Amino acid sequence: MIQAPKGTYDVLPADQPARRLLETHAQRILGAAGYSRIETPAFEATELFARGVGEATDIVQKEMYSFDDGGGRSLTLRPEGTAPVCRAYIEHGMHKLPAPVKLWYLSSFFRAENPQRGRYRQFWQVGAEVIGAAGPEADAELIVLLLELLEEMGVSGTRLRLASLGQPETRGAYRAELSEYLRAHADELAPEVRSRIELNPMRAFDSNDPGTRAVMAGAPKLIERLAPEDAEHFAGVRALLDAAGVRYEIDPTLVRGLDYYTRTLFEFTSDALGAQSGVGGGGRYDRLIEQLGGQATPGIGWAAGVERILLAAPVMPAAAELVDLLVTVAERDSRPARAVAFEIAREARRAGLAAQLELTGRSLKSALKHADRLKARYVAIVNDADTAQLRDMTGGQQHELAGGAVVAAILRGSRL
RNA sequence: GUGGGCGUAGCUCAGCUGGUAGAGCUCCUGGUUGUGGUCCAGGCGGUCGUGGGUUCGAGUCCCAUCGCUCACCCCA
């Protein structure tokens, strides 16, 4: 049996209402704040991600679906949304639009990871980007919008973690300082932490090992090393969030797997999820546009995982679709009756009714049973070319009328 | 890439220490000489993930393999 590829899944009809709700909320919340929807290609030049996301990141190193386009160019199924949006911003000269440019998207992304709860190889993200605004208001606004979306969806047990990374130079210097500190205390660290000192020293902050924790308590924090302007920007963001009554915690150990972040970094987690507890997060990327060949332009954005939001949100009962009319025939083999039934269904739809034609040739008993399950209000049973029975399924009353009068009778009957 | 758990009808599952497959739901037909929602009866539907092995005999034991799932890692 051919199955969906590992880490992918079918969005079945029963799954649609919850997704549609998310899309509706995103459209309303972001649209009201002046964000326009954008859709970029599912694949891009590999170089876009190598340069944008960063050569050294896990995403670029081992998680990209890359392929040759047949002409010697390397393309990659997009693993994230910010770099493509920035590429589109540059390509279409959006810097000439009134700043800032505010965009949102709801798209699927691809990463070659081992799947688990809340983590797929093709997954969906809703994301928002503000390009061309450097002040802390943009940061705070974006955070508040994501919070509103999560609240609107009923995502439970959320926490907001906040940090500032400063500038890449600050971060580089800090990283060297931290590595040096860890090396000096190497014999007190857990082996797996020790082996990652050069690779990812920040992970040492997450360790549960007692010895490591003791060492980390005295370790230098990036937030303490921020340049004055960056510290001021961060204080500005915090002041706005405080004033808005948004609860958050400062987490100096917050790390994200993309190299382009500067200054503000944030992440919402939910304890309703499994190991993949992040529902959405983002940060500022003031160097990215320039790095991709545009004019130096500040930017900030977030992305939230659709699957994770849905996992952490209450399950939606599938609302039954309304069916006004099911059209069937009294005698399965009557061709004239079938022709009239076809015409009645068509006429009903043109009149704005939700009308279905019985298509499988079931017995009349079965057709009525079917209508009952569909929650159809009326069933039209076509006798022959001229007459039909119109049955009201709520009460069971039924009367005979001309086939051409069925739709009019329903419209009369359902008028309130 | 690594580790744990699990793979029996479309779905949810049963099948004791090995004796050559079952239930409920769904679906279809009939009970109603065309008329639903309850009820009753019948029917459709399974190479027991796959391939080897042990055995007179394997869904049941052993090995391998594939898939799903959770976790590590990382992230949405």
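The shown structure was predicted, so the numbers you read here are calculated from the model rather than taken from an experiment. Letters A, B, ... mirror the listed sequences (proteins, then strands); counts begin at 1.
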For [N] versus [M], give the span between their [atom1] atoms, rounded off to a whole number of Å.
{"N": "rG3(B)", "M": "rA21(B)", "atom1": "P", "result": "37 Å"}
{"N": "rC61(B)", "M": "rG18(B)", "atom1": "P", "result": "8 Å"}
{"N": "rC44(B)", "M": "rU54(B)", "atom1": "P", "result": "37 Å"}
{"N": "rA14(B)", "M": "rC72(B)", "atom1": "C1'", "result": "35 Å"}
{"N": "rC13(B)", "M": "rG59(B)", "atom1": "C1'", "result": "14 Å"}
{"N": "rG51(B)", "M": "rA71(B)", "atom1": "C1'", "result": "29 Å"}
{"N": "rA76(B)", "M": "rU17(B)", "atom1": "P", "result": "48 Å"}
{"N": "rU26(B)", "M": "rC39(B)", "atom1": "P", "result": "9 Å"}

Rounded interatomic separation in angstrom, taking [atom1] from [X] and [atom2] from [N]:
{"X": "Q61(A)", "N": "rC73(B)", "atom1": "CD", "atom2": "P", "result": "18 Å"}
{"X": "L311(A)", "N": "rC75(B)", "atom1": "CG", "atom2": "C1'", "result": "15 Å"}
{"X": "D58(A)", "N": "rC72(B)", "atom1": "CG", "atom2": "P", "result": "15 Å"}
{"X": "D251(A)", "N": "rC75(B)", "atom1": "CG", "atom2": "C1'", "result": "15 Å"}
{"X": "Y261(A)", "N": "rC75(B)", "atom1": "OH", "atom2": "C1'", "result": "11 Å"}
{"X": "L254(A)", "N": "rC75(B)", "atom1": "CG", "atom2": "P", "result": "10 Å"}
{"X": "E267(A)", "N": "rA76(B)", "atom1": "CD", "atom2": "C1'", "result": "9 Å"}
{"X": "F123(A)", "N": "rC75(B)", "atom1": "CZ", "atom2": "C1'", "result": "8 Å"}

Can you say whether a donor on the side chain of K375(A) sits under 3.5 Å from an acceptor on the base of rG37(B), or the other way round?
no
Check: rC73(B) base within 3.5 Å donor-acceptor of R119(A) side chain: yes
Between [X] and [Y] (salt bridge meaning N to carboxylate O under 4.0 Å), is one present in this structure?
{"X": "D242(A)", "Y": "R238(A)", "result": "no"}
{"X": "R87(A)", "Y": "E44(A)", "result": "yes"}
{"X": "D139(A)", "Y": "R284(A)", "result": "yes"}
{"X": "E113(A)", "Y": "R119(A)", "result": "yes"}

Are [X] and [N] close enough that a side-chain N or O sits under 4.0 Å from OP1 or OP2?
{"X": "S363(A)", "N": "rG30(B)", "value": "yes"}
{"X": "K6(A)", "N": "rC68(B)", "value": "yes"}
{"X": "R362(A)", "N": "rC28(B)", "value": "yes"}
{"X": "Q116(A)", "N": "rC70(B)", "value": "no"}
{"X": "S366(A)", "N": "rU29(B)", "value": "yes"}
{"X": "R117(A)", "N": "rC72(B)", "value": "no"}

Parallel, tilted or perpendicular: which fits the ring planes of F109(A) and F123(A), with parallel below 30° and perpendicular above 60°?
-> tilted
The answer to which of Q125(A) and I381(A) contacts RNA chain B further toward the 5' end, by nearest nucleotide, is I381(A)
Of D372(A) and G7(A), the one whose closest nucleotide on RNA chain B sits nearer the 5' end is D372(A)
Residues pairing under ring-ring contact (aromatic ring centres under 6.0 Å, His included) where one sits in residues 135-169 of chain A, two or more places apart or in two chains, turn out to be none
So ring-ring contact (aromatic ring centres under 6.0 Å, His included) across residues 24-44 of chain A, not counting sequence neighbours, yields F43(A)-F67(A)
Min side-chain heavy-atom separation [X]-[Y] under 4.5 Å:
{"X": "I289(A)", "Y": "C86(A)", "answer": "yes"}
{"X": "M64(A)", "Y": "I59(A)", "answer": "yes"}
{"X": "T262(A)", "Y": "P168(A)", "answer": "yes"}
{"X": "Y248(A)", "Y": "R159(A)", "answer": "no"}

Ordered by number, residues from residues 383-403 of chain A within less than 4.0 Å of RNA chain B (heavy atoms) are N383(A), Q389(A), R391(A), M393(A), G396(A), Q398(A)
Within residues 28-45 of chain A, the residues having a heavy atom closer than 4.0 Å to RNA chain B are none
Can you name the ring pair (Phe, Tyr, Trp, His ring centres under 6.0 Å) partners of [X], sequence neighbours left out?
{"X": "F268(A)", "result": "none"}
{"X": "F234(A)", "result": "none"}
{"X": "Y181(A)", "result": "H185(A)"}

What is the nucleic acid contact for [X], judged by heavy atoms within less than 4.0 Å: base, sugar-phosphate only, or nothing?
{"X": "A330(A)", "result": "base"}
{"X": "G274(A)", "result": "sugar-phosphate"}
{"X": "K369(A)", "result": "sugar-phosphate"}

Give every donor-acceptor pair under 3.5 Å between a side-chain atom in residues 329-350 of chain A and any protein atom, sequence neighbours left out.
from	atom 1	to	atom 2	distance (Å)
S334(A)	OG	A337(A)	N	3.2
R338(A)	NH1	R332(A)	O	3.3
R349(A)	NE	A355(A)	O	3.0

Of rU29(B), rC74(B), rA76(B), the nucleotide closest to the side chain of R332(A) is rU29(B)
N114(A) has its side chain closest, among rU29(B), rC27(B), rU2(B), to rU2(B)
So which protein nitrogen or oxygen atoms get under 3.5 Å of nucleotides 44-46 of chain B's nitrogens or oxygens?
none

A correct dot-bracket answer for RNA chain B, with pairs being Watson-Crick or G-U at under 3.5 Å, [ ] for crossing pairs and | for inter-strand pairs, is (((((((..((((.....[..)))).(((((.......))))).....(((((..]....))))))))))))....
So the salt bridge (Lys or Arg N to Asp or Glu O under 4.0 Å) pairs with at least one residue in residues 13-29 of chain A (sequence neighbours excluded) are R19(A)-E307(A), E23(A)-R37(A), R28(A)-E152(A)
Residues pairing under salt bridge (Lys or Arg N to Asp or Glu O under 4.0 Å) where one sits in residues 352-370 of chain A, two or more places apart or in two chains, turn out to be E358(A)-R362(A)
Relative to its sugar, using the 90° cut-off around 0, the base of rG34(B) is syn
Aro-ring/base stack F109(A)-rA76(B), d under 5.5 Å, angle under 30°
no
